There are 2 protein chains.
Amino acid sequence: MITPETLFRALSDSTRLRCLLLMLSEQSLCVCEFVHALDLSQPRVSRHLGHLRDLGIVQDERRGQWVHYRLHPQLPDWAREVLQAAFAADGVGDIRRRLAAMPNRPSIACD
Amino acid sequence: MITPETLFRALSDSTRLRCLLLMLSEQSLCVCEFVHALDLSQPRVSRHLGHLRDLGIVQDERRGQWVHYRLHPQLPDWAREVLQAAFAADGVGDIRRRLAAMPNRPSIACD
DNA sequence: TAATCATATGCGGATATCCGTATATATTTC
DNA sequence: GAAATATATACGGATATCCGCATATGATTA
């Protein structure tokens with residue numbers, strides 16, 4: 001089971017934190033959607049998401065060409081509360097807007 | 001004002017995290033009490049507490065020879081919620097016991 | 001003011017983290 | 001099976017983090 005120290009280290013990087021807040025508000029997203037919403041390189045996003053998966057914080061699922069990531073269903077309540085508190089602090093800002101503006105989103109009508 | 005990313009980085013080190021959880025449960029403590037409760041070197045504890053002070057997460061106050069640290073009174077609610085959630089995850093374990101067992105605690109009858 | 005106790009800081013060195021670039025792998029489509 | 005798209009990984013270099021040790025600073029007491 002994940003420890004507070006491990007979770008906090010995972011959240012201490014802005015790429016990972018923004019990915020997680022986006023998952024908190026959007027359920028499930030594929031890598032290219034993170035890349036678009038955060039305007040970061042694909043390898044960078046992929047590496048950080050893989051890191052979160054290895055820690056058991058998120059779960060991935062391949063759907064054809066795409067790999068979707070979501071918060072791990074068994075993520076403990078205290079960890080969700082931590083994420084909620086961070087969300088309360090500053091939300092996800094423009095990120096959701098950029099995501100909504102993405103053309104041909106693979107996640108649409110997928111959940 | 002402190003950002004989630006900055007707070008999480010501060011909490012990602014076990015020395016700092018345990019100091020903060022101890023402050024959450026004990027209000028105000030001096031450096032030598034942290035040293036005793038956590039069983040760590042004095043320079044190590046002092047440097048981490050100074051770091052937390054520089055970030056605005058804790059407040060220090062000199063009382064004679066001793067310097068007492070506490071959570072910063074203006075620490076935002078979301079940050080306190082994060083600490084509470086971490087506390088809920090594993091409390092402070094044996095740390096409080098070791099603190100209670102410390103002889104001649106400078107904090108006693110000080111608050 | 002000398003001695004003592006509490007705390008803070010300077011300095012290396014070891015290790016961890018993060019990134020961009022290039023490339024590898026997986027899946028679908030033609 | 002070749003091309004196109006999506007994702008993952010390997011590598012090297014820059015930077016950050018953390019620690020122990022030694023020492024400096026601050027406060028009290030004799």
Side-chain angles (χ1 to χ4, degrees), chain A residues 3 5-20 22-23 28-55 57-70 99 102-108 110, chain B residues 3 5-20 22-23 28-55 57-70 99 102-108 110:
Chain A
T3 65
E5 187 180 342
T6 299
L7 178 67
F8 291 139
R9 185 178 303 273
L11 299 182
S12 72
D13 174 87
S14 87
T15 299
R16 289 190 297 264
L17 178 57
R18 290 188 296 166
C19 284
L20 286 166
L22 210 45
M23 284 183 251
S28 173
L29 292 171
C30 69
V31 178
C32 61
E33 288 174 312
F34 290 106
V35 168
H36 188 279
L38 303 179
D39 193 27
L40 297 173
S41 75
Q42 180 271 324
R44 179 166 166 178
V45 170
S46 176
R47 213 180 309 102
H48 283 291
L49 288 172
H51 186 190
L52 292 171
R53 179 192 0 89
D54 294 343
L55 295 174
I57 297 172
V58 305
Q59 197 180 54
D60 62 352
E61 177 194 2
R62 182 172 277 277
R63 297 186 196 170
Q65 320 174 253
W66 297 282
V67 177
H68 289 245
Y69 285 87
R70 73 181 65 223
L99 177 63
M102 177 178 177
N104 304 328
R105 284 182 52 194
S107 279
I108 294 295
C110 248
Chain B
T3 66
E5 187 180 342
T6 300
L7 178 67
F8 292 138
R9 186 179 302 273
L11 299 183
S12 73
D13 174 87
S14 87
T15 300
R16 289 190 296 266
L17 178 57
R18 292 187 295 165
C19 283
L20 286 166
L22 209 44
M23 284 183 250
S28 173
L29 292 171
C30 69
V31 178
C32 60
E33 289 173 312
F34 290 106
V35 168
H36 188 278
L38 303 179
D39 192 28
L40 296 173
S41 75
Q42 180 271 324
R44 179 166 166 178
V45 170
S46 176
R47 214 180 306 101
H48 282 291
L49 288 171
H51 186 190
L52 292 172
R53 181 194 355 92
D54 294 344
L55 295 174
I57 297 173
V58 304
Q59 196 179 55
D60 62 353
E61 176 194 3
R62 183 172 276 277
R63 297 186 195 170
Q65 320 173 254
W66 297 282
V67 177
H68 289 244
Y69 285 87
R70 73 180 65 221
L99 176 63
M102 177 179 178
N104 304 327
R105 284 182 52 194
S107 278
I108 296 294
C110 249

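So that the names make sense, note that chain A is the first sequence line, chain B the second, and so on, each numbered from 1. Source: prediction; values computed, not measured.
You'll find that the side chain of Ser41(B) is closest to dG20(D), out of dA8(C), dG20(D), dC19(D). Side-chain proximity of Pro43(B) to dT7(C), dT7(D), dT9(C): nearest is dT9(C). When the nucleotides dA8(C), dC18(D), dG20(C) are ranked by their closest atom to the side chain of Val67(B), dA8(C) comes out on top. Of the candidates dT7(D), dA8(C), dC19(C), dC19(C) carries the atom nearest the His48(A) side chain, counting heavy atoms from C-beta on. Out of dT7(C), dT28(D), dC18(C), the shortest distance to the side chain of Gln65(B) is found at dT28(D). Comparing dC19(D), dC18(C), dA8(D) against the side chain of Ser46(A) picks out dA8(D) as the nearest.
Using a 4.0 Å heavy-atom distance criterion, Gly64(B) is classed as a sugar-phosphate-only contact. The residue Tyr69(A) sits close only to the backbone: its heavy atoms come under 4.0 Å of sugar-phosphate atoms, none of a base.
Atom-to-atom, CD of Glu33(B) to C1' of dA6(C) comes out at 12 Å; the value is rounded to the nearest Å. One interatomic measurement links the two molecules: CZ of Arg63(B) to C1' of dT28(D), which rounds to 17 Å at whole-angstrom precision. Separating the CG atom of Leu40(B) from the P atom of dA8(C) is a distance of 15 Å, rounded to the nearest angstrom. Nucleotide dC21(D) holds its C1' atom 14 Å from the CZ atom of Arg44(B), rounded to whole Å. The CG atom of Leu52(B) sits 11 Å away from the P atom of dC18(D) (whole-angstrom rounding). Taking atom NE2 of His51(A) as the reference point, atom C1' of dC19(C) lies 15 Å away to the nearest angstrom.
Between Arg16(A) and dC18(C) there is a side-chain polar atom (N or O) within less than 4.0 angstrom of OP1 or OP2. A close approach under 4.0 Å does not occur between any side-chain nitrogen or oxygen of Arg62(A) and OP1 or OP2 of dA6(D).
Distance alone, capped at 3.5 Å, places no donor-acceptor pair between the Arg62(A) side chain and the Val67(A) backbone.
Comparing Arg47(B) and Thr15(A) against DNA chain C, the residue whose closest nucleotide sits nearer the 5' end is Arg47(B). Each of Ser12(A) and Gln42(A) was assigned the nucleotide of DNA chain C with the nearest heavy atom; the assignment lying further toward the 5' end belongs to Ser12(A).
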